[in-house]
Amino acid sequence: MGDMETSRRGVLGGAALGLAATAAPGAALAQSGGDGVPSLRDPRSAYTRTPFPEQRQAWPALASKMTPRPDHGEASYRGSGKLTGRKALLTGGDSGIGRAAAIAFAREGADVAINYHPSEEPDAREVADLIRQAGRKAVLLPADIRTQKACEDVVRKAIAQLGGLDLLVNNAAYQQSKADIMEISDEQFVRTYETNVYHVFRFSKAAIPSMPPGSVIINTISQNSYDPGEDLIDYASTKAAIQNLTRGMAKQLAKKGIRVNAVSPGPIWTPLQVAGGQLPGKMHEFGQDTSLGRAGQPAELASLYVALASGEATFSTGTAVGAHGGKGFP
């Protein structure tokens with residue numbers, strides 16, 4: 001689950017190659033030209049520009065059943081040791097942006113625990129295989145995280161099985177598009193807040209006592225945090241709340257030596273979109289109005305999470321990094 005790009009090259013064998021075969025065009029390109037000079041990729045055509053076909057899955061949906069299948073960097077992300085020895089927990093790590101970050105973290109040297117809804121087990125097992133192929137420990141923690149107990153249990157299990165925790169990515173999200181506020185039920189509004197906002201607070205609060213100085217929390221927000229879409233008013237308001245939480249937590253946790261940042265995606269091709277994130281009949285419009293003329297792929301955000309997580313960004317806290325194809329903030 002989950003709602004945005006640089007060090008992504010190379011190919012793993014086995015399952016990764018199988019996944020690569022279904023990735024969007026342009027996912028795995030040569031790292032450099034014949035003369036050793038790094039090759040350039042035109043961002044307009046780096047991934048598919050073809051409008052997505054109309055499709056629908058029951059929430060929370062599986063990336064493995066999407067057409068085309070999203071590219072999470074399975075065959076293209078190559079690490080360079082930026083997170084060697086780190087211990088990471090990601091919510092919504094089975095697919096979408098969370099999956100791309102999980103793969104990147106493992107290939108940068110981190111052991112990785114992922115939380116996901118129990119119905120997303122098939123996607124989660126693919127991620128676990130990729131993490132292990134990178135030579136890192138994979139911990140699977142299925143749970144519906146809408147309760148305080150579930151959040152605290154996941155964090156506790158992650159710390160126990162990883163042997164500590166110094167990197168937390170709060171990424172899981174629930175999104176349902178409605179053309180009219182009168183169509184948003186109270187149940188949907190509560191569920192959106194429980195999933196999107198409450199889990200950020202609860203996971204962070206449960207994790208902080210075990211996180212040493214130098215640890216990092218990264219929250220996934222959205223361009224909707226700044227410019228709410230008219231069909232996503234409940235979802236957009238949760239992302240604005242998470243943006244505010246990020247900045248407030250950053251100020252407070254600086255005293256503990258813990259950095260808190262956010263990544264702000266624009267339209268990214270993830271299961272959120274096919275599980276109610278787009279209005280019926282509108283899938284072909286998704287991402288077509290960006291300056292680059294296409295939607296983004298999860299793989300294009302992986303390096304942003306790595307950069308914010310790494311020890312190279314020690315003066316970056318309370319910040320948000322955007323990846324929205326030219327239309328959006330920050």
Which distance, rounded to the nearest 0.5 Å, do you find between the NZ of Lys251 and the OG1 of Thr246? 12.0 Å
By ring pair (Phe, Tyr, Trp, His ring centres under 6.0 Å), which residues pair with Tyr226, not counting sequence neighbours? none
Salt bridge (Lys or Arg N to Asp or Glu O under 4.0 Å) with Arg156: which residues, sequence neighbours excluded? Asp153
Provide the closest heavy-atom pair for Gly92 versus Ala172 in the form atom of the first, atom of the second, distance. N-CB, 3.8 Å
Glu121: which residues meet the salt bridge (Lys or Arg N to Asp or Glu O under 4.0 Å) condition with it, sequence neighbours left out? Arg125
Decide whether Gln273 and Gln278 meet the rule of one side-chain donor and one side-chain acceptor closer than 3.5 Å. yes
Heavy-atom check, side chain of Ile131 versus side chain of Lys137, under 4.5 Å: no
Same cluster or not: are Ile221 and Tyr198 linked, directly or through other Ile, Leu, Val, Met, Phe, Trp or Tyr residues, by side-chain heavy atoms under 4.5 angstrom apart? yes
Is it true that a side-chain atom of Arg86 and a backbone atom of Ala106 form a donor plus acceptor pair closer than 3.5 Å? no
Gln297 versus Ile268, closest heavy-atom pair with distance: C-CG2, 3.8 Å
Find out if a path of hydrophobic residues (ILVMFWY) with successive side-chain heavy-atom gaps under 4.5 Å connects Leu141 to Met211. yes
Among pairs that include at least one residue of residues 264-296, which meet ring pair (Phe, Tyr, Trp, His ring centres under 6.0 Å), considering only residues two or more places apart or in two chains? Phe52-Trp269
Determine whether the side chains of Asn170 and Ser204 contain a donor N or O and an acceptor N or O closer than 3.5 Å. yes
So, Gln176 side chain and Asp234 main chain: donor-acceptor pair closer than 3.5 Å or not? no
Would you indicate whether Glu54, at its atom CD, is surrounded by more than 12 heavy atoms from other residues, nucleotides or ligands within a distance under 6.0 Å? yes
Under a plain distance cut-off of 3.5 Å, with no hydrogens placed, do Ser215 and Asp166 share a side-chain donor-acceptor pair? no
Taking Glu312 first and then Lys82, would you say they form a salt bridge - that is, a charged N and a carboxylate O separated by under 4.0 Å? yes
Is it true that Tyr305 and Thr220 share a donor-acceptor pair across their side chains at a distance under 3.5 Å? yes
Report whether Leu168 and Leu162 are members of the same hydrophobic cluster (ILVMFWY, side-chain heavy atoms less than 4.5 Å apart, transitive linking). yes
Who passes salt bridge (Lys or Arg N to Asp or Glu O under 4.0 Å) against Asp42, sequence neighbours left out? Arg44
Flag this pair as yes if the NZ/CZ of Arg146 is under 6.0 angstrom from the six-membered ring centre of Tyr193 and inside a 45 degree cone about the axis; otherwise no. no
Minimum-distance pair of heavy atoms, taken over all atoms of Arg107 and Ala134: CG-CB, 4.0 Å
Beyond-backbone contact of Pro330 with Val321, side-chain heavy atoms, under 4.5 angstrom: no
Under 4.5 Å between any side-chain heavy atoms of Arg99 and Leu130, yes or no? yes
Using every non-hydrogen atom in the two residues, find where Ala100 and Pro298 come nearest and quote the distance to one decimal. CB-O, 3.4 Å
For a 4.5 angstrom cut-off between non-hydrogen side-chain atoms, does Lys178 reach Gln188? yes
Would you tell me whether Glu108 and Tyr77 have side-chain atoms, one donor and one acceptor, within less than 3.5 Å of each other? yes
Is Arg294 salt-bridged to Glu300, going by a charged N under 4.0 Å from an acidic O? yes
Using the rule that two of Ile, Leu, Val, Met, Phe, Trp, Tyr join whenever any of their side-chain heavy atoms come within less than 4.5 Å, decide whether Phe201 and Ile208 are in one cluster. no
Would you call Leu253 and Lys256 a side-chain contact if the rule is heavy atoms closer than 4.5 Å? yes
Residues Asn115 and Thr91: side-chain donor-acceptor under 3.5 angstrom: no
Taking all atoms of both residues into account, what is the closest heavy-atom pair of Ala173 and Leu272, and its distance? O-CD2, 3.5 Å
Distance from Leu62 atom CG to Asp123 atom CG, nearest 0.5 Å? 4.5 Å
Minimum heavy-atom separation for Ile159 and Ser210, please, with both atom names. CD1-OG, 3.5 Å
Quick one: list whatever passes salt bridge (Lys or Arg N to Asp or Glu O under 4.0 Å) with Lys282, sequence neighbours left out. Glu285
Is the closest side-chain heavy-atom distance between Val263 and Ile218 below 4.5 Å? yes
